[in-house]
Structure formats: C-alpha cells, structure tokens
Amino acid sequence: YQVKTRDKWGLESSSNVIRGDILVNALGKQFSLIETTTIDLSYKNIVGEIPDDISILKNLTTLKLNNNFFTGSIPIFIYKMKNLEFINLSHNSLSWSLSSDIGFLSNLKELWITENQFSGKLPDQIGQLNNLTYLNISKNKFQGTIPQSIGNLKKLKYLNGWNNNFSGFLPSTIGDLISLEFLSFGSNSLIGEIPSELGNAKKLKSIGLFENNLIGPIPVEVSELASLEYLGLFDNQLDGFIPDPLFNKGSLYYLKLDKN
C-alpha cells in the first residue's frame, strides 16, 4: 500500500510500504526475511561457495553449514551480521584466512571451523569477541603466533587450536581466561617454556600441549590446578622434575609426559 506525506511547503508525496514478510531464496530453500533466526543446512552435501543470498537475513542468530563441501573463503557479509551468536562451518573445504572484520561479531558465542583449509595468522581482533565461549579452529593450516589478545576472552570455556602450524610462544595471557576449562594447542610448532601464568586459569580441566617444541620444566602452578583431569605434554623437549602435586591429584585421570 501507499503512505502519503506532506512536507513543510505543503507538497504531497507517496511512498510504497510492504506489509508482511518476504521469502528469500538461498541454497535451494526459502527463508522468511523477518522470522528466520536459524539456518541449519548441515550434512546436506552442498557444493560451492557460501551464497550472498544469506546476507539479507538480518535477524539470523545461528548459522550451521557444517559437514558439506563448501569452498572459497568466508564471505565478508558474514562478519557484518552482528546478530550472529553461533557459527558452525566445520568439515568443509573453506580456505584463505579469517578477516580482521571478525571483531564486528560482538554477539558471537560459539565459532566452530574445524577441519577446513584456513591459513594465515589468527587476527588480533579475535580478542574483541567478548561473549565468545567456544572457539574451535583445530585441523586447519593457521600459522604465525597465537595473538596475545586471546586473553581478553573472559567468557571462553573451550579453546581448541590443535593440529595447525602455530609457532612462537604460548601467550601468558591465556592465564587470564578465568572461565577456560579446555585448552589444546597440541600438534603445532610452539617453542619456549610453558608459562606459569597458565596456573591462573583456575577452572582448567584439560591441557593438551603435546607434539610441540616446548622446553623447560612443568610449572608448579599448572600442577596445582585443582580441577585438572587431563594433562598431555608428550613429545616436547621438557626437562626438570615432575612437580609433586601431580602425584597427589585425585581428579587427574590422564597424564602423558613421554618423549621429552
């Protein structure tokens, strides 16, 4: 229908107004422009790049495109969908790097992109995702150092960077992750000592830093983590004594330190 308006000079004009909803076609399906908050097209054997049609769904909070055959990079429009809280793009063939625009996803709570071909550095802007609780970037080709800004993610419970090409030191700022329960950067090329600050992440239950080039002793502060259940530090270059608290920890069910 039309709405008539009158300006300050008394001239009338008409404009078209759309009532109701609009159906948007994307990936062979129709989605409501207004009511669609979730797209779940996982396990659909979809081939090709992620289509731009999704960008018009401004109310989207959940995007599940995992376990398909998507290629190419993550489209820029996804980084601008500020209502997104959950993204799962795991088990595809997506590549290139994560854009620094990822910092715009201020409402994001979970990001799952495991088993793709992502490369390049993990952008510093990842530390702007203050609501993030789960981050799984395992089994990709990320390289360079782990950004210090990752310590800003105070709500993060799960951090999995296993099986990439990360190098440099494990950031001491990971100790600032007061909610962190699961940490894995196994099967990378990390060097240097395990930071004693890791012991400040008091809720840690699982630490996997195996198959790196870490040196030095196991920090006493890590061995004193009250909730620790899993500690995998095998296949590094660690030395020194095994801290006594590890032998007195009733919660610990897995301890592997060989090949050091």
Side-chain angles (χ1 to χ4, degrees), residues 66 74 84-91 97-98 100 102-103 105-116 118-212 214 218-219 221-222 225-234 236 254 256:
N66 52 289
I74 297 178
L84 278 173
E85 298 179 0
F86 183 101
I87 297 175
N88 192 342
L89 304 176
S90 300
H91 304 278
S97 58
L98 292 184
S100 59
I102 197 170
L105 295 172
S106 57
N107 289 310
L108 195 63
K109 296 178 181 178
E110 299 189 27
L111 177 60
W112 302 81
I113 57 172
T114 185
E115 289 204 45
N116 279 284
F118 291 113
S119 59
K121 294 188 68 175
L122 195 63
D124 288 335
Q125 290 78 5
I126 200 84
Q128 297 175 16
L129 304 179
N130 295 323
N131 290 304
L132 202 63
T133 56
Y134 289 84
L135 176 60
N136 190 344
I137 56 173
S138 62
K139 297 192 76 172
N140 280 286
K141 298 179 180 179
F142 287 110
Q143 59 198 51
T145 56
I146 303 165
Q148 295 279 344
S149 63
I150 209 161
N152 297 333
L153 305 177
K154 298 298 189 290
K155 296 182 180 180
L156 197 64
K157 297 179 180 180
Y158 179 96
L159 174 56
N160 192 346
W162 169 64
N163 201 358
N164 278 281
N165 297 317
F166 287 114
S167 57
F169 300 101
L170 186 70
S172 60
T173 54
I174 290 180
D176 296 332
L177 300 177
I178 56 175
S179 301
L180 193 65
E181 298 178 5
F182 180 98
L183 171 66
S184 178
F185 277 100
S187 301
N188 281 282
S189 299
L190 299 177
I191 61 172
E193 297 188 357
I194 300 171
S196 60
E197 290 86 352
L198 205 58
N200 295 330
K202 300 297 185 183
K203 293 187 177 181
L204 268 172
K205 296 180 180 179
S206 178
I207 299 175
L209 299 174
F210 49 85
E211 295 175 350
N212 281 287
L214 299 172
I218 300 172
E221 293 84 353
V222 171
L225 287 166
S227 300
L228 194 63
E229 299 174 352
Y230 175 104
L231 182 60
L233 302 177
F234 58 91
N236 280 285
Y254 183 96
K256 189 170 184 181

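Keep in mind it's a predicted model, so treat the numbers as computed, not measured.
- Counting only distance, with no hydrogens or angles, the side chain of N140 and the backbone of F142 share no donor-acceptor pair below 3.5 Å.
- Smallest separation of non-hydrogen atoms from S149 and D124: OG-O, 2.6 Å.
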Worksheet item: When you look at H91 and T114, which way does the side chain to side chain contact (heavy atoms under 4.5 Å, CB included) test go after all the steps?
Response: CA-CA 6 Å; H91 304 278; T114 185; 4.1 Å; yes
Discussion item. For L225 and I207: C-alpha separation, side-chain torsions, deciding distance, then whether side chain to side chain contact (heavy atoms under 4.5 Å, CB included) applies.
Written reply: CA-CA 11 Å; L225 287 166; I207 299 175; 3.9 Å; yes
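- In this structure, CG on N212 lies 10.0 Å from CG on L233, to the nearest 0.5 angstrom.
- Between the T133 side chain and the K109 main chain, a donor and an acceptor come within less than 3.5 Å of each other.
- Looking only at atom types and distance, the side chain of S167 has no donor-acceptor partner in the side chain of S189 under 3.5 Å away.
- Heavy atoms from other residues, nucleotides or ligands lying under 6.0 Å from CZ of F169 number 12 at most.
- Neither side chain, S172 nor E197, offers a donor N or O lying under 3.5 Å from an acceptor on the other.
- With hydrogens and angles disregarded, no donor-acceptor distance shorter than 3.5 Å links the side chain of S97 to the backbone of G120.
- One finds the CG atom of L177 at 8.5 Å from the CG atom of L204 (value rounded to the nearest 0.5 Å).
- Under a 3.5 Å cut-off, the side chain of S179 and the backbone N or O of K154 do form a donor-acceptor pair.
- For the residue pair P171 and P147, the shortest heavy atom distance occurs at CG-O, 4.1 Å.
- A distance of 8.5 Å separates CG in L159 from OG in S184, rounded to the nearest 0.5 Å.
- Side-chain contact between E110 and I87: absent, with no pair of heavy atoms (C-beta onward) separated by less than 4.5 Å.
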Item to complete: Apply side chain to side chain contact (heavy atoms under 4.5 Å, CB included) to the pair W112 and F86, showing each step before the final yes or no.
Response: CA-CA 8 Å; W112 302 81; F86 183 101; 3.9 Å; yes
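- The line from CG of L111 to CG of L98 is 7.0 Å long, rounded to the nearest 0.5 Å.
- Distance alone, capped at 3.5 Å, is enough to place a donor-acceptor pair between the N164 side chain and the I137 backbone.
- Taking CZ from F234 and CG from L209, the interatomic distance works out to 10.5 Å, rounded to the nearest 0.5 Å.
- Residue S90 comes nearest to I113 through the heavy atom pair OG-N, 3.5 Å, listed as atom of the first residue, atom of the second, then distance.
- Remark: the backbone N or O of G161 is not paired with any side-chain donor or acceptor of N136 at under 3.5 angstrom.
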Item to complete: Please lay out, stage by stage, how I126 and I102 fare under the test side chain to side chain contact (heavy atoms under 4.5 Å, CB included).
Response: CA-CA 7 Å; I126 200 84; I102 197 170; 3.8 Å; yes
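- Closest heavy-atom contact between K202 and S227: O-OG, 4.3 Å.
- S100 and P123 make their closest contact through CA-CB, 4.1 Å (heavy atoms, listed as atom of the first residue, atom of the second, distance).
- Panel note: side chain N236, backbone L214; a donor-acceptor pair is recorded below 3.5 Å.
- Between F166 and F185, the ring-plane angle classifies as perpendicular under the 30° and 60° cut-offs.
- The closest side-chain donor-acceptor pair between N130 and K155, if any, does not fall under 3.5 angstrom.
- A side-chain donor-acceptor contact under 3.5 Å links S187 and W162.
- Note that CG of N188 and CG of N163 are 7.5 Å apart. Values are rounded to the nearest 0.5 Å.
- A salt bridge links E115 with K139: the distance from a Lys NZ or Arg NE/NH1/NH2 to an Asp or Glu carboxylate oxygen falls below 4.0 Å.
- When only modelled atom types and interatomic distance are considered, N160 and Y158 share a side-chain donor-acceptor pair under 3.5 Å.
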